[in-house]
*Asks:* 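Submitted below is the structure of interest, expressed as structure tokens.
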Amino acid sequence: MAKSKEKLVPVEGGVIPERDAGTPPVLEARHLGIDFGGLTAVDDFNFIIGRTEIGGLIGPNGAGKTTIFNLLTNVYQPTRGKILVGGVDTRGKKTYEVNRMGIARTFQNIRLFKALPVLDNVLIGMQGQMQYRLAGAVLRLPSYWKQEKAAREKALELLSIFGMESLAYTPAGSLPYGAQRRLEIVRALATGPKVLLLDEPAAGMNPSETAELMENIRKIRDTFQIAVVLIEHDMNLVMGICEGIAVLNYGQIIAKGTPEEIRNNPQVIEAYLGRKGGAAGC
Amino acid sequence: MAFFSTLFSQIINGLQSGSIYALVALGYSMVYGIIMLLNFAHGDIIMVGAYVVWLSMTSFGLHPFVSILLAVVVSTLLGVVIEKVAYAPLRSSPRLSLLITAIGISFLLENGFQLIFGAGAKVVPTLISGPTFKIGGANISTPALVTLGVTVVIMIALTLLVQKTRLGRAMRAVSEDMGAAQLMGVNINTTISFTFALGSALAAVASALYLSSYAQASPTMGSMLGLKAFVAAVLGGIGSLPGAMLGGFVIGLAEALVSAAGLSVWKDGVVFAILIVVLLVRPSGLLGKPMKEKV
């Protein structure tokens, strides 16, 4: 383990790692809820993420984890409650505006722009930061070239985090599965997020790939000084890197705390990990 | 020898009308690629462009070049406004509603112009004049050369725009996965407006090139031209820009060669026969990707 576990300290609205206590939390959900017709998919979801925290969201299938990511990224509008990004309410914002406020995500079922080269996938993520006008592009103004060149360099640099620079001109759809998952993370990082939401980043990975992913998530957090929230079923990954974990069942939080607390919470063991001595033990 | 010179001049004719079809087909293909709409009002943008040229030259005595520029500006704005007013509110509706709306807009434009300017054709003054060149026994007019030249330049510029610029990348991203593009910070409203603007501007240029050889504007001129360009887009593979370019030239050449064979009454029939054959044999078109049903 690269680092000793950080203590969680209480702030208004929840707990965050001690080192982030001096800065305002980057992401907060307050009494968040959404109904689909008569079905309540998520209810009274409260959640707070420190500036450089790695948080985890776990729970059985259908518990509402991805629905929460969809709420946080404004794919769905909440029926109740609100979301604050850096203290700013996201209600009434457009989806792309919420991304530009600092929320970026990956998808459980990979959603890359498959026909486009790897590099273009990353450059699309950088749209919001490139300010040149169309006239500049058409007239081939120096400002266009400068920005475009800088963007390309930055994109290649981001790809190098996962050692993918050499694949820059390969169509994203022809990458192997693991590389596609990594590219999704790079593309999300390219949007310059404050919080990176990873939806089952280790799905379909073998143990050594998962271990590498774990290192990379930490590296991303340390390099970019951002928060990461992940949905994951791989308990080694979750318990290994998450500082705060929320457990969801039937759309409601049933437990919150450090990995140790979650591991020893009888309710969690009952609802999620199976009964003591069961096959699903961790 | 006479046979070859006739053939050669018909090929030039075919490339000329093919250029116009290709420019219009690009608009169909771009819009389809991005919002899956067969924009049947696209052909009528050509007609509006032609009337702007006619009006500004005959009523305001503007220079042909200025008139063409004005037509491009008006058509571009019209394309963007149509999308904002008629299509944007239906973005989450079934695609059939969108299609019917497009047909409605087409009727509105055609009948509106008929109401304002009358059903008769308007004669547009000469836009492009110049000598006729004789190459290998065939006559090549200046408008034909200009049409080909302008089309090639536009195609190169468009390809660069789509491949190398921020907005071009956004267009490709939105056409692949609108939801994911939004989540990566792409403003889809801007991207869709830009696509309509680009398509409509190309239609206006096509309109000017058309007028340079067939100096007439009428309220229904856009429907047949638009329909053939649509066939060109489907032939090339709708959604594919190189496909639209290729499709346009193939349709233009097919028409010219049918005329060269002395069967010019059959020329429209041949175009639609091509459509039927393509739909039967290769529904995704020459350069289109095999289509999978979107889930």
*Asks:* Are any of the side-chain heavy atoms of A:L230 and A:C242 separated by less than 4.5 Å?
*Replies:*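 Yes. Closest side-chain heavy atoms under 4.5 Å.
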
*Asks:* Taking atom CZ of B:F65 as the centre, report whether more than 12 heavy atoms of other residues, nucleotides or ligands fall under 6.0 Å from it.
*Replies:*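 Not buried by this count: 12 neighbours or fewer within 6.0 Å.
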
*Asks:* Using only non-hydrogen atoms and a strict under-4.5 angstrom cutoff, which residues of residues 186-200 of chain A touch chain B?
*Replies:*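 A:R187, A:A188, A:T191, listed by number.
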
*Asks:* Indicate whether the side chain of B:N187 and that of A:R100 have a donor and an acceptor atom separated by less than 3.5 Å.
*Replies:*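 Judged by distance alone, the side chains do not pair up.
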
*Asks:* Quick one: pull up CZ in B:R95 and CE in B:M36 and give me the separation to the nearest 0.5 Å.
*Replies:*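 It comes to 4.5 Å.
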
*Asks:* Report, in residue-number order, which members of residues 157-175 of chain A are under 4.5 Å from chain B by heavy-atom distance.
*Replies:*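 Within residues 157-175 of chain A, no residue comes under 4.5 Å from chain B.
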
*Asks:* Between A:R181 and A:I110, does the side chain to side chain contact (heavy atoms under 4.5 Å, CB included) criterion hold? Intermediate values first, please.
*Replies:* CA-CA 7 Å; A:R181 284 225 169 268; A:I110 300 171; 3.8 Å; yes

*Asks:* Could you please spell out the steps behind the side chain to side chain contact (heavy atoms under 4.5 Å, CB included) verdict for A:K154 and A:V122?
*Replies:* CA-CA 9 Å; A:K154 196 184 159 201; A:V122 183; over 6 Å; no

*Asks:* When rounded to the nearest 0.5 angstrom, what is the spacing between OG1 in B:T147 and CG in B:L15?
*Replies:*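 It is 11.0 Å, given to the nearest 0.5 Å.
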
*Asks:* Hey, mind stepping through B:V231 and B:Y21 against side chain to side chain contact (heavy atoms under 4.5 Å, CB included) and telling me if it holds?
*Replies:* CA-CA 9 Å; B:V231 175; B:Y21 293 146; over 6 Å; no

*Asks:* Any residues in residues 64-98 of chain A near chain B, with a heavy-atom distance under 4.5 Å, and which are they?
*Replies:*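 Residues A:T73, A:V75, A:K94, A:T95, A:Y96 are the ones that qualify, each having a heavy atom under 4.5 Å from chain B.
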
*Asks:* Using modelled atom types and a 3.5 Å cut-off, is there a donor and acceptor pairing between side-chain atoms of B:R172 and backbone atoms of B:V162?
*Replies:*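 Looks like yes, one N/O pair under 3.5 Å.
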
*Asks:* Verify side chain to side chain contact (heavy atoms under 4.5 Å, CB included) between A:K219 and A:N216, making sure each step is shown before the conclusion.
*Replies:* CA-CA 5 Å; A:K219 193 163 99 190; A:N216 280 321; 3.8 Å; yes

*Asks:* May I ask you to test the A:N61-A:H233 pair for a side-chain heavy-atom distance under 4.5 Å?
*Replies:*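 Yes, their side chains come closer than 4.5 Å.
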
*Asks:* Show me, pair by pair, the donor-acceptor contacts under 3.5 angstrom made by side chains of residues 196-208 of chain B, not counting sequence neighbours?
*Replies:*
from, atom 1, to, atom 2, distance (Å)
B:S200, OG, B:F196, O, 2.8
B:S207, OG, B:I46, O, 2.9
B:S207, OG, B:A50, N, 3.0

*Asks:* Nearest 0.5 Å, please: how far is CD1 in B:I45 from NE2 in B:H42?
*Replies:*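 Answer for the NE2-CD1 pair, B:H42 versus B:I45, is 7.5 Å.
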
